[in-house]
Amino acid sequence: MNAVKLHPALKNYLWGGSKLKTQWGKNSDWNIVAESWELSCHKDGMSIVGSGGYSGKTLPEYLEVLGDCALGKNCEQFEDFPILIKLLDAQSNLSVQVHPDDEYSLKNEGQYGKTEVWYIADCDEGAFIYYGFVRDVTPEEYKKHIEAGTLTEILNKVLVKKGDVYFIKAGTIHAVGAGCTIAEIQQNSNVTYRVDDYGRVDANGKTRELHIEQAIAVTELTRPPIIKRTGNQIARCKYFSVEKHEVKGITTFNADEKSFHSVLCAEGEGEIRIGKDTLTFTKGESIFIPANTGSYDIYGDFTILLTTVPGASYRIGVDLGGTNIAVGIVDEDYKIVAKHSIPTGSERHYSEVVSDMARAVEAALTKAGVKPEQCVSVGIGSPGTCDTENGVVAYANNLKWDDVPIVDEFRKHIDLPTSISNDANCAALGEALAGAAVGCDNAVMLTLGTGVGGGIIIGGEIYAGGYSAGAELGHVVIKYDGEPCNCGRRGCFEVYTSATALIRQTKQAAEKNKDSLLNGVIAENDGKINGRTAFLAADRGDAKAKEVIDKYLGYLGVGIVDFINIFRPQVIIIGGGISNEGDKILKPLNDYVSNNCYGGAKTPLPRVVRAKLAGDAGIIGAAALK
């Protein structure tokens, strides 16, 4: 039997406690066991084989005997063994620290950077972690708090409970609080830049080294993104994939040629059966199962963390518009590595449009140097009402589509898991993951264009509503018996706050006031009026243009306050061309929110902010669809 039990390398750092000895079965003469390196090929602490004919060998020695095939094909992309798995017992707070990414660490430290995931295996009541900043900060503010010893004032303090999961991307400032027992799966690296150690001293009365200059160079100064996982998978990046399995009875896994399996028991006990061979385990023990082992069964009553090395994982985002189809290849950090755009040609049959969409995906993959098998999924953001469960565009007036089975049609060309959602929902999700709402669980996005698109994020996920129809925020009535809307009602939010509405309002003011500067600005633009016209005239001191803007922002403020009172988001995001006016619209809107929201200053008020990602938001949000 090649599957083996591993004995860990132990560390007695000053912040550790005794739980790994008393509750997790770690044998040591030390009173303190802070860390237990369960799966490690790192030179600073190697795991030891504890069962079978290779007992006593280090894990690297064991792997050398078995050969590279024991690691699996997915490990070929890495020069060294890619991961390190630990248990941590924090009797007191760990230092505030940050880890570099691969590029910085390889250049400056000669080893890989460190992205990790924390699984809260157990915790005392009131235990917490620091996870990124509580808000976006400037480099000057970051440095000032470090020098003043007040860094924790701007850190995001999160109360934790058993079973919580936190993905700590390289560059995210963080710290484990006292009372936490954590299973940490990370890159195979021991690079840590300590920013604040609370003035502690070791047994010799010496303070530990801080790494301020390096930390400032690598720290991400925005709030960390929301990363939601569904099913058993609790974390995935290019270095590791982690699944949590709670089993009473039997479950079957397959260690194929792609990756080895690492099994860490977080609760209970069980037995691994490979053919006629068996290997028992209990809480705190780790099992290494080589790639190519094939199918194996685990019996018992237990909770395990199963870690493997995934292949390179990208997601494909498609932003389907009435004019253009934009495709992006998106990596694990929600960054677009390549894009391709083509005209939609919406007058054609939907099958032709979808065929072109697939060709655009292939072109984007070629630009990125990525193969389809390296991609996890495809997400499509479509205008109109989308039946996300069945993959159907139920209605999209600008495409003249009714009940189009877009997912089934697309998979005739590219056979990857494919999902759809409304394009405004996708844009909102993109801004939540990588733009103006990073770190916010709840957000509302308004896109002010020809109409008004609306997207709602609740708990880090798209609010699809009944029948997956999404949120038509543009068609909330804000003026009874008001201007007619193309939806058939009167007084809709869209009629007063879209870019189309602002153009209409500007034109009306110009026609009534022939001597106003509005007409001069219009003349300079060859008689054309756009969303900027009134703002340009107001900048020149035109009173009528200012009246147009004030009234427009008044309508916009009414709707925004309505949405705040209903959803209580952390942020309202304004997208579309009008958002380019920046503080000219954001300041008055935030003032209106402060003065008109229910509860006023007695409740937390959201910020009204400008969208950051422009056209990329829809691509990134679509790519993130599950």
Side-chain angles (χ1 to χ4, degrees), residues 8-38 40 44-45 84-99 114 116-134 145-168 172-186 189-212 214-215 219 224 266 283-284:
L10 304 179
K11 305 292 180 179
N12 64 341
Y13 304 134
L14 60 86
W15 45 262
S18 60
K19 291 178 182 176
L20 294 183
K21 293 179 63 175
T22 60
Q23 299 178 24
W24 292 79
K26 306 306 172 185
N27 296 316
S28 175
D29 294 332
W30 297 330
N31 293 324
I32 289 176
V33 177
E35 292 185 354
S36 169
W37 291 21
E38 297 292 322
S40 173
D44 292 343
L84 196 162
I85 299 177
K86 303 174 179 177
L87 289 170
L88 291 77
D89 171 26
Q91 181 169 288
S92 57
N93 294 344
L94 273 70
S95 62
V96 179
Q97 55 191 245
V98 66
H99 307 304
K114 189 173 174 183
E116 60 197 19
V117 63
W118 293 347
Y119 172 77
I120 308 298
D122 205 354
C123 61
D124 297 342
E125 185 175 353
F128 69 92
I129 63 170
Y130 288 120
Y131 177 53
F133 293 103
V134 71
H145 278 282
I146 292 173
E147 292 173 346
T150 57
L151 185 58
T152 57
E153 292 180 4
I154 57 171
L155 297 184
N156 184 30
K157 184 177 181 179
V158 182
L159 293 176
V160 298
K161 62 182 184 300
K162 184 176 180 178
D164 283 350
V165 177
Y166 297 91
F167 187 81
I168 314 293
T172 303
I173 195 164
H174 61 274
V176 179
C180 293
T181 304
I182 290 177
E184 178 179 293
I185 297 91
Q186 59 161 87
S189 170
N190 199 26
V191 178
T192 294
Y193 295 146
R194 209 175 287 119
V195 190
D196 187 348
D197 201 29
Y198 319 110
R200 291 183 295 202
V201 296
D202 61 19
N204 299 315
K206 294 183 178 180
T207 58
R208 294 195 294 175
E209 182 184 6
L210 299 181
H211 313 92
I212 306 301
Q214 299 97 317
T219 302
K283 178 179 176 179

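Given the structure is predicted, the values throughout are model-derived calculations rather than measurements.
For S189 (side chain) and V191 (main-chain N/O), a donor-acceptor pair under 3.5 Å exists by modelled atom type. Within the 3.5 Å criterion, the main-chain N or O of Y131 finds a donor-acceptor partner in the side chain of N156. Although no hydrogens or angles enter the test, the distance criterion places a donor-acceptor pair under 3.5 Å between the side chain of N93 and the main chain of A178. T172 places no side-chain N or O within 3.5 Å of a backbone atom of I168 that could act as its donor or acceptor partner. D197 places no side-chain N or O within 3.5 Å of a backbone atom of E209 that could act as its donor or acceptor partner.
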Review point. Should V165 and V117 be marked as a side-chain contact (heavy atoms from CB on, under 4.5 Å) after you check the CA-CA gap, both sets of side-chain angles, and the distance that decides it?
Key: CA-CA 7 Å; V165 177; V117 63; 3.6 Å; yes
Practice item. Carefully, step by step, assess Y166 and V176 under the rule side-chain contact (heavy atoms from CB on, under 4.5 Å). Key: CA-CA 11 Å; Y166 297 91; V176 179; over 6 Å; no
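Between the CG atom of D44 and the CG atom of L84 there is a distance of 9.5 Å, given to the nearest 0.5 Å. For the atom pair I173 CD1 and D196 CG, the distance stands at 8.5 Å (nearest 0.5 Å). Rounded to the nearest 0.5 angstrom, E116 CD and I185 CD1 are separated by 9.5 Å. Atom SG in C180 sits 10.0 Å away from atom CG in L88 (nearest 0.5 Å). From L20, atom CG reaches atom NZ of K11 across 13.5 Å, with rounding to the nearest 0.5 Å. For the atom pair OH of Y193 and NE2 of H99, the computed distance is 11.0 Å after rounding to the nearest 0.5 Å.
Looking at I120 and I182, their side chains come closer than 4.5 Å, going by heavy atoms from C-beta outward. Proximity of Q91 to I32: side-chain heavy atoms (C-beta onward) are nowhere separated by under 4.5 Å.
Classification of the F128-Y130 ring pair by plane angle, with boundaries at 30° and 60°, yields perpendicular.
Under 4.0 Å is where a charged nitrogen must lie from a carboxylate oxygen, and between K283 and D122 no such pair does.
Atom CD of Q23 has more than 12 heavy atoms from other residues, nucleotides or ligands within 6.0 Å.
Summarising the geometry of A175 relative to S95, their closest heavy-atom pair is CB-O, 3.5 Å, with the distance given to 0.1 Å. When all heavy atoms are compared, the tightest approach of A266 to W24 is O-CH2, 3.6 Å. Listed here is the closest heavy atom pair of W30 and K21: O-NZ, 2.6 Å. In this structure, L10 and S28 approach most closely via the heavy-atom pair CD1-CB, 3.7 Å. Contact detail for I212 and V195: the closest heavy-atom pair is CD1-O, 3.4 Å.
With L87 as the fixed residue, the side-chain contact (heavy atoms from CB on, under 4.5 Å) test singles out one of K19, K26, E35, E184: K26.
For W118, the ring-ring contact (aromatic ring centres under 6.0 Å, His included) partners two or more places apart in sequence, or in a different chain, are H174.
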